[in-house]
Amino acid sequence: MSTISEILSSAVGSAFKAEGLPEDLGLVRTSDRPDLAQFQCNGAMQAAKIAKKAPRQIAESVLGHLEGDTRFSRVEIAGPGFLNLNVTDEFLTSHVNAIAADERLGCPTVENVRKVVLDYGGPNVAKAMHVGHLRASIIGDSLRRLFAFLGDDTVGDVHMGDWGLPMGMLITEVKREQPGLIYFDAEQTGPYPVESPVTIDDLQRLYPVAANRCKESPEDLDEARLATAELQAGRPGYRALWQQFFDISVSEMKADFSNLGVEFDLWLGEAAVNDLIAPMVDEMKASGVAEMSQGALIVPVSEEGDNPELPPLMMLKSDGAVTYGTTDIATIEHRRQNIDPDLILYVVDQRQHLHFEQVFRAANRAGVTGKAELEHIGFGTMNGADGKPFKTRAGGVMKLRDLITMAIEAADERIEEFGLAEEIGTEERAGIVRMVALAAIRFADLSNHRQSNYIFDLDRFIRFEGKTGPYLLYAAVRVKSLLRRAGDAGIVPGEILPPGDLERGLVLMLDRLPEFIQAAYERRAPNELCEFAHTLAQEFSTFYQNCHILSEENKALQASRLALAQLALRQLLLVLSLLGIQVPERM
RNA sequence: GGCCCCGUAGCUCAGUCGGAUAGAGCAUCAGAUUCCUAAUCUGAGGGUCGCAGGUUCGAAUCCUGCCGGGGUCACCA
């Protein structure tokens with residue numbers, strides 16, 4: 001199903017074609033000047049160069065071809081050659097009724113279904129998730145939902161950091177604390193105890209200790225490096241101990257992601273591709289893609305025109321251990337073997353851009369990508385009020401869990417303050433508080449363009465006024481309430497009638513959903529979805545303010561307006577679901 | 001130092017196929033509620049789009065230089 005803009009583009013495009021001009025000059029879009037027209041086309045001014053004629057003259061000719069078209073209520077030329085277009089209310093009506101009858105609310109699916117792997121989240125074994133994981137998780141999760149909605153075959157992979165130096169540091173640190181464990185006896189090959197010798201709290205306590213120790217002492221760092229290399233080489237005790245770290249960490253992560261409402265299809269990490277590395281490295285050596293340099297195995301990735309040269313990708317360090325570049329390449333190989341994707345999206349901090357440039361080039365040289373296009377979806381940092389990366393009051397890194405707790409407390413206060421949900425039971429109320437908190441966090445994050453840094457200001461995000469998640473929840477809940485009341489009174493949504501001045505703005509907005517979905521998809525930009533949700537909610541509020549539905553005496557008009565409210569709700573709920581925001585039944 | 005990103009209203013941010021009078025939210029001011037959740041809506045004020053050039057009929061948008069901020073530059077991830 002096409003949007004009105006697309007339908008009009010086709011009509012105006014034909015008119016340009018009839019004039020011997022390129023059809024795509026007929027592109028019609030929503031007007032920048034709603035006071036002048038509903039839609040506009042700027043093609044005549046672009047055509048002026050090609051045709052070497054005055055733009056207004058071209059516009060006149062094009063307009064001539066549109067005269068018999070009954071869909072237009074008014075077509076005129078303005079300024080240097082803008083075509084200003086208005087459509088009839090009858091045309092608007094037939095279109096909006098078609099949207100209401102469409103399960104997908106007017107949104108098409110992609111023509112060519114692609115298999116798309118989304119790599120996001122990136123939590124680390126043994127480390128508590130912190131605010132830095134927030135963006136990776138919710139942007140990736142939202143893009144996965146969006147791609148899936150448009151019909152792509154999506155696979156979300158959490159891609160844990162579970163295989164690098166931190167693992168070696170932890171092994172040596174546990175050894176320091178509990179040297180007698182069977183895991184450290186090089187003569188032993190198992191079996192090993194089922195019970196873990198450490199808890200998640202132990203890991204989270206030990207990791208910073210180990211990291212500090214390695215920072216201060218080169219000897220300790222060497223020891224950790226050795227342990228890392230031995231782990232990766234397959235030393236049984238270390239593998240068994242690592243498995244314990246992994247298992248207790250994953251259940252911790254799952255709890256965190258579940259709190260955030262973020263979902264994955266695959267829970268793989270760097271370790272999962274370890275067995276692919278040796279053969280892959282051999283082949284890269286044999287083919288000459290990889291070469292030795294200063295005792296390490298590298299893949300040169302610099303290309304003609306780079307200024308300066310791009311540093312090579314490190315495949316094996318001089319101690320034989322792999323780096324995250326190695327596992328990234330092996331992960332691509334793994335995905336090709338098991339999934340064979342058309343596209344892999346890496347939703348990772350913008351600061352890693354150079355790294356991904358190296359990885360993508362090396363992967364292409366090594367020929368491991370198959371048919372997959374590789375794309376880094378970078379994002380900016382979340383900052384504190386001072387504009388610097390977000391910290392706790394004490395200056396440390398804030399845990400994700402603490403952030404969510406803060407948001408829940410703030411949501412609880414706001415709801416209390418406004419005397420909301422007073423007659424709602426404790427359990428349901430707790431659910432509402434949680435939904436408000438998550439809507440606040442997710443909407444605030446996703447409504448910023450992903451590439452830019454933003455300032456985390458919970459007091460602002462949690463407000464019910466303005467461009468916030470809670471405002472949208474409120475808007476949606478209000479419509480739900482309206483529909484419930486209408487249902488109780490036996491009023492049912494009917495055919496949408498030609499809009500009057502009170503409805504037209506809402507109707508025009510309801511037509512634009514596919515345009516925003518498409519923009520979000522093409523640019524991997526969830527903020528387009530936020531923009532639509534907010535504007536639609538505002539248009540609805542205006543309509544709601546001016547049109548009292550339940551007391552409307554004209555039954556056909558009442559049924560029509562109720563249908564508009566229902567359609568607005570369906571679109572709002574759809575877009576919020578793509579943002580990963582849940583809406584309560586009441587609040 | 002090289003390279004990348006950013007600089008838009010008092011504040012927080014949208015605005016990348018170049019288009020008309022640069023938008024939104026907050027804050028400020030003036031209004032609206034016998035009625036479906038006013039946590040809302042209507043209106044007003046507020047801008048040399050960092051600075052200076054260039055390309056173009058037309059530049060926040062493209063190009064060059066400069067100023068300011070952030071990031072990054074092989075054996076951490």
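These numbers were taken from a predicted model, which means no experiment stands behind them. Just so it is clear: chains get the letters A, B, ... in the order the sequence lines come, proteins before strands, and each one is counted from 1. No hydrogens, no waters, no symmetry mates; every other heavy atom, side chains included, goes into these values.
Put simply, A/Arg485 has a side-chain N or O that comes within less than 4.0 Å of OP1 or OP2 on B/U37. Distances shorter than 4.0 Å separate some side-chain N or O of A/Lys317 from OP1 or OP2 on B/C76. Proximity of A/Arg33 to the phosphate of B/G19: no side-chain N or O atom is located under 4.0 Å from OP1 or OP2. In this structure, A/Tyr324 does not reach the B/C75 phosphate: none of its side-chain N or O atoms is under 4.0 Å from OP1 or OP2. Put simply, A/Asn527 has a side-chain N or O that comes within less than 4.0 Å of OP1 or OP2 on B/G15. OP1 or OP2 of B/C36 has not a single side-chain nitrogen or oxygen of A/Arg478 nearer than 4.0 Å. OP1 or OP2 of B/G15 sits under 4.0 Å from a side-chain N or O of A/Arg523. Applying the 4.0 Å criterion to OP1 and OP2 of B/C17, one finds that A/Arg29 has every side-chain N and O outside that range. OP1 or OP2 of B/C41 has at least one side-chain nitrogen or oxygen of A/Tyr471 nearer than 4.0 Å.
Counting any heavy atom pair closer than 4.0 Å across all strands shown, A/Gly79 reaches no nucleic acid atom. At a threshold of 4.0 angstrom between heavy atoms, the contacts of A/Thr542 are confined to the sugar-phosphate backbone, with no base atom among them. Counting non-hydrogen atoms under 4.0 angstrom, A/His355 reaches nothing in the nucleic acid. Within the nucleic acid shown, A/Leu165 comes within 4.0 Å of sugar-phosphate atoms alone, with no base atom in reach, counting heavy atoms only. Backbone-only engagement by A/Lys467 is indicated by non-hydrogen atom pairs under 4.0 Å involving sugar-phosphate atoms exclusively. At the heavy-atom level, A/Ala78 lies under 4.0 Å from base atoms of the strands shown. Here A/Ser318 lies in heavy-atom contact (under 4.0 Å) with a base. Within the nucleic acid shown, A/Gln350 has no heavy atom closer than 4.0 Å to any nucleic acid atom. Within 4.0 Å of A/Gln538, counting heavy atoms only, lie sugar-phosphate atoms of the nucleic acid but no base atom. Within the 4.0 angstrom heavy-atom criterion, base atoms lie near A/Ile298. Residue contacts for A/Gln40: at a heavy-atom cut-off of 4.0 Å it reaches a base atom on one of the strands shown. When heavy atoms are screened at a 4.0 angstrom cut-off, A/Arg414 is found touching no nucleic acid atom at all. If you check every strand for non-hydrogen atoms under 4.0 Å, A/Ile455 touches sugar and phosphate atoms only. Within the 4.0 angstrom heavy-atom criterion, base atoms lie near A/Asp35.
Of the candidate nucleotides B/U37, B/C13, B/A77, B/C13 has the atom lying nearest to any side-chain atom of A/Tyr454. Looking at the side chain of A/Leu36, the nearest of the listed nucleotides B/A20, B/C75, B/C17 is B/A20. Here B/C26 is the nucleotide among B/C26, B/U72, B/U37 with the atom lying nearest to any side-chain atom of A/Glu465. Side-chain atoms of A/Asn448 lie closest to B/A14 of the nucleotides B/A14, B/A20, B/U72. Considering only the side chain of A/Pro311, B/A74 comes nearest among B/C36, B/A74, B/U12. Here the side chain of A/Arg463 is nearest to one of B/A77, B/A27, B/G19, namely B/A27. Taking only side-chain atoms of A/Asn42, from C-beta outward, the nucleotide of B/A38, B/G19, B/A77 with the closest atom is B/G19. Nearest nucleotide to the A/Ser452 side chain, out of B/A14, B/A74, B/U37: B/A14. Across B/A32, B/U72, B/C13, the shortest atom-to-atom separation from the side chain of A/Gln545 is found for B/A32.
What separates CD of A/Glu303 from P of B/C3 is a distance of 18 Å, to the nearest Å.
The neighbour count for A/Glu428 CD, taken as heavy atoms of other residues, nucleotides or ligands under 6.0 Å away, is above 12. For A/Asp488, the CG atom sits in a packed shell: over 12 heavy atoms of surrounding residues, nucleotides or ligands are nearer than 6.0 Å.
With hydrogens and angles ignored, a donor-acceptor pair closer than 3.5 Å exists between the side chain of A/Asn84 and the base of B/A20.
With ring centers used as reference points, A/Phe360 lies under 6.0 Å from A/Tyr346. The distance between the ring centers of A/Phe390 and A/Phe456 falls below 6.0 angstrom.
Comparing the C1' positions of B/G25 and B/A14 gives an interatomic distance of 10 Å, to the nearest angstrom. Rounded to whole Å, the separation between the P atoms of B/C49 and B/C11 comes to 16 Å. Going from the C1' atom of B/U55 to that of B/G71 covers 31 Å, rounded to whole Å. When the P atom is used for both B/G53 and B/G15, the distance is 28 Å, rounded to whole Å. Separation of the P atoms belonging to B/C13 and B/A9 is 12 Å when rounded to the nearest angstrom. Separating the C1' atom of B/U42 from that of B/G69 is a span of 40 Å, rounded to the nearest Å. Here, B/U21 and B/A60 have their P atoms 11 Å apart, quoted to the whole Å. A distance of about 14 Å separates the C1' atoms of B/C5 and B/U16, rounded to the whole Å.
Both A/Asp319 and A/Cys547 lie close to RNA chain B; mapped to their nearest nucleotides by heavy-atom distance, the more 5′-ward contact belongs to A/Cys547. Ranked by how close their nearest RNA chain B nucleotide is to the 5' end, A/Ala37 and A/Leu316 are led by A/Ala37.
When base pairs are accepted only as Watson-Crick or G-U wobble with both N-N or N-O distances under 3.5 Å, RNA chain B takes part in stems of 3 or more pairs at B:1-7 with B:67-73, B:10-13 with B:23-26, B:28-32 with B:40-44, B:50-54 with B:62-66.
By the 5.5 Å and 30° criteria, A/His353 is not stacked with the base of B/C4. Where stacking is scored as ring centres under 5.5 Å apart with planes under 30°, A/Phe82 does not register as stacked on the base of B/G19.
Under the 3.5 Å distance criterion, with hydrogens and angles disregarded, no donor-acceptor pair is assigned to the side chains of A/Arg351 and A/Thr381. Between the side chains of A/Ser551 and A/His548, at least one donor-acceptor pair of N or O atoms lies under 3.5 Å.
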